[in-house]
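Worth saying up front: this structure is predicted, and the values here are computed from it rather than measured. The analysis underlying the following values was restricted to heavy atoms, covering all of them including side chains, and did not include hydrogens, waters or symmetry mates. Just follow the structure's listing: the first ligand is 1, and inside any ligand the first atom is 1.
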Amino acid sequence: MSTDLLYLADSYQKRATAKVLEIGELQNQTFIILDQTIFYAQGGGQPADHGTITGPQGQLEVSHVSYNGGQIQHKGKLSGELHVGDTVELAIDWPLRYTHMHLHTAGHVLDQAVKNVIPGVIGLDGNHGINGKNYVEFDQEITADQLPAIQQELDAVQTAALPISTEMVTKDELDERRVRLPFDLPTNKPLRIVQIGEYEPMPDGGTQLKTTAECWPITATQIVVKDGHFRVLYQVTDPAATAESGTATSETKTKPRSATQTADLPDEFTAAVEAIRLTLKTPQVAATTNYFGKKGLFSDVAKQLKELPPESRRSAGQLLNQLKQEIEQTVASYGSNQQTAKVDVTLPGIKPKVGHMHPVSQAIAEITQIFERVGFTRVRYPEADWDWYAFESLNMPKNHPARDEWETFFVAAEPSSTKGKLVLTPHTSSGQVREMERLNSQPPIRMINIARCYRRQQDATHTQMFHQFEGLVVDKGITIQHLKGTLDYFAQEFYGPGTKSRIRPFHFQFTEPSFEVDFSCHICGGTGEVRRDGETAKCRFCKSGWHEVGGAGMVHPNVLKAGGIDPEEYTGFAFGWGVERTYTLKEGLNIDDIRLLYSGELRFLEQF
Ligand code: PHE
């Protein structure tokens, strides 16, 4: 079983809980494997996270994390004891991770900046902090005199405040979207791409910032030639870290670029500077704004300098200088972007993702159509309904023990004086008497009621919310034969020709006689046996030849009476069972845990 990588979806998650799946010793260290993790396993140039994993009786001080074929190994020193099955609290060293994120995203921004300067160049490799090295490696010659242009692009991408998005993909989608692959992708990892603004997406499994506006200032420092490839080295500077505290990141000694002290400046002054910075974020605005003219925005704030108290003038001057540079660089980069914009209109576009109906909705649509073809009408009734409809009218008076089978959620609402408490409908049978009322107690009734149902239960084959479909037919002379015929019809339409239904005696309060309904297994054709490796073997899918799906029976006279129908004149049948269960038995679906249907996990849902 592989570890669920929570950081792929949310790189900002700092805490989580998980279950311990395995514990072992390795090179005098303890390693543990969890069902899910927020710890980044070293790879893709990004260093591993550090942090702690704390259980009820001990703690692992995590000093390294490795990928190990999808089973993430958290290694470190254990104090106390951890046990398989423990629920543990995960906490990553956030300042360290956040620095790694800055370094990694900076690598992608640099990669893009270099591509903007040298069209057609291919990024081959990168390192974002492992062993203190930060660089991106390219296939074509890059010379030191190109550094200023690269720097200008770096600054432009940062000031443009481009969104950075990530997305899980399949290998085929990568091809379809024409994502260029400069290197062989690992085949044992989930595939993800990262995209900066509208630039070409890149394969990436690291933790990324949300926008280039969040990036600490990035500086391209040096070109180094290695094995015929060209590396652009870079640094990022945490503006919050002061030069002497030594916590500035990425082995940098440069002064933080936005470290100008603004605390002693009047608010109006800093607000005016920020307002100008804001205009730089949108190309159209920046391109049309008057900054340096007579009535220019910049000239305006510059005038305020004289009015400031002498002791603030120095830092105000620094701030203005910095702003001036930002304006010049931004305007120039927008200008140069326009001149050099290279749009190849013949390239096929990126195909937008196409969604589809959720598998449960697909099943509901199919079931509805099957019954509509033989004259049933699809109806829907309240999901929170009175006790009367859910139980009492179905021949289950208050305190009747049969009610226990429907582990019911009660709603904390004012009860009705005639219809009792409000419940979340535990089955679609609550629609039976409602349907009789809707038709003013005048059969014929041919109802198919498909709705959400709720019960207090949750495991691999049950979810607290699920769907049922309920058939109800009431007319003169309706017999078990009609019920059996309807079940056979549905079995063949839904599972394919040759599928049979079987009814077995059972008990429900609201039907008499009552049955459980089985469908023959379409893998073994109802025999319970298959030929495997030339021999007769038990069918693994059903084990007995049949699948139990739900309940049915002839409507109890008391139920007809509750709906105002004379049981002497009319008879009826009803059946009801779960949509999810019915659906997951379909051939070849192989869904063994129905909770997956509600996980919202696209990699699962996209298969259907
Ligand atoms: N409502 C029953 C259940 O939830 C199923 C059923 C429906 C049985 C209609 C008989 C008739 O289990």
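For ligand 1, the polar-atom distance check finds no N/O of Thr511 at less than 3.5 Å from any of the ligand's N/O atoms. Considering backbone and side-chain atoms together, Gln432 places no N or O closer than 3.5 Å to any N or O of ligand 1.
With ligand atoms numbered from 1 in the order given, ligand 1 contributes 3 (C), 4 (O) to contacts under 4.0 Å with heavy atoms of Arg455.
In terms of protein heavy atoms, atom 12 (O) of ligand 1 is closest to Phe508 CE2, 3.9 Å. The closest protein non-hydrogen atom to atom 7 (C) of ligand 1 is Gly576 N, 3.4 Å. Closest to atom 9 (C) of ligand 1, if we only count protein heavy atoms, is Glu470 OE2, 3.4 Å.
Salt-bridge check for Glu548 with Arg581: failed, with every basic side-chain N at 4.0 Å or more from each acidic carboxylate O. Salt bridge status for Lys476 with Glu569: present, with a side-chain N to carboxylate O gap under 4.0 Å.
Taking the six-membered ring for Trp, Phe506 and Phe515 have ring centres at least 6.0 Å apart.
With a 6.0 Å cutoff to the six-membered ring centre and a 45° limit on the axis angle, Lys75 does not count as a cation-pi contact of Phe31.
Close to ligand 1: Trp406, with a non-hydrogen atom less than 4.0 angstrom away. Not a single heavy atom of Phe515 sits under 4.0 Å from any atom of ligand 1. For Glu405, the closest heavy-atom approach to ligand 1 does not fall below 4.0 Å. Contact annotation: Ala552 has at least one heavy atom less than 4.0 Å from an atom of ligand 1.
The backbone N or O of Leu209 sits less than 3.5 Å from a side-chain atom of Thr105, completing a donor-acceptor pair. A donor-acceptor pair is defined here as one N or O able to donate and one able to accept, closer than 3.5 Å; such a pair exists between the side chain of His427 and the backbone of Ala390. At least one donor-acceptor pair closer than 3.5 Å links the side chain of Arg192 to the backbone N or O of Gly206.
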